[in-house]
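In this chain, residues are counted from 1 in sequence order.
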Amino acid sequence: MNFETEVNYDLTVSRISENTKLNYSKLDLTKGFNKQLKAEGGTIKSCSSSNKKVAAVNNSGKISAKNIGKTTITVKLSNNKKLSCVISVKPNKYQAKKITIEDVVYNTSKMKAYAASFDAKGNLHLKFKLVNNSYGKITNVSKFKVSVKDSSNKSLVSYSKNNFKTNVASYSDKDCTIIIPKSALKKSYKKIDLRTAKISIIGNFASASL
């Protein structure tokens, strides 16, 4: 490169790697939430979605999940190379496997959430199973507490009540439902991703009777 001695130049050099790749090739996203695509070893020039109704993307790679379904995000790099990422948008619901008697240590009891979702007002509808793998009917769970945390272990929902009334016979289980008011949420329900959350339920079963 030849420069005139009396002229100042600003020169920016971007090195494009032959092995450029996106930080995601496949991605599950919760409806209403966003994710950032990045080109490792390259520079993003533009982006497009094959179905904007499912997920939209801006030219910097920010993906916004709109509706349940699948779409493909195509990324064009500054060297005109194209890369793609398959997006699956999922509902904002918590789902887990139900526990059974076989999952609970003999002579103990346990509660575990298996489904959760928000209603239109922001209240959390939580379904859980209470397993009584001991002798004696459980009629009450004292110091009942529900905790919801995000993937980085930050508290999202904290709810407790002195007593949770129930009726679970010896060596049996029961499906239970509780509605947690939006006042127990640490932030707006629209900003809580239940699909990737961790839910725990604890309580004291000492009130079990024969």
Query raised in the report: Listed by chain and number, what are the side-chain contact (heavy atoms from CB on, under 4.5 Å) partners of N67, not counting sequence neighbours?
Result: K31
Query raised in the report: Looking at residues at least two apart in the chain, or sitting in another chain, which of them share a side-chain contact (heavy atoms from CB on, under 4.5 Å) with D103?
Result: I99, T100
Query raised in the report: If two hydrophobic side chains count as joined below 4.5 Å and joins carry through other members, does L124 share a cluster with F33?
Result: no
**Report entry** hydrophobic_cluster_shared for V89 and Y24, side chain cutoff 4.5 Å
**Finding:** yes
Query raised in the report: Quick one: are the ring centres of F128 and F164 less than 6.0 Å apart?
Result: yes
Going by heavy atoms in the side chains, are [X] and [Y] under 4.5 Å from each other?
X    : Y    : result
N133 : Y171 : yes
N59  : I44  : no
L27  : V86  : no

In this structure, are over 12 heavy atoms from other groups packed under 6.0 Å from [X] atom [atom1]?
X    : atom1 : answer
K174 : NZ    : yes
N162 : CG    : no
K182 : NZ    : no
K35  : NZ    : no

Report task. Using the ring of Y114 (Phe, Tyr or Trp, six-membered ring only), decide whether K98 places NZ or CZ under 6.0 Å from its centre and within 45 degrees of its axis. Result -> yes
Query raised in the report: What is the distance from atom NZ of K76 to atom OG of S46, rounded to the nearest 0.5 Å?
Result: 5.5 Å
Query - Polar side-chain atom of S88 near backbone of D28 as donor-acceptor pair, under 3.5 Å - result: no
Query raised in the report: Going by distance alone, is a donor N or O of one side chain under 3.5 Å from an acceptor N or O of the other, for S151 and T196?
Result: no
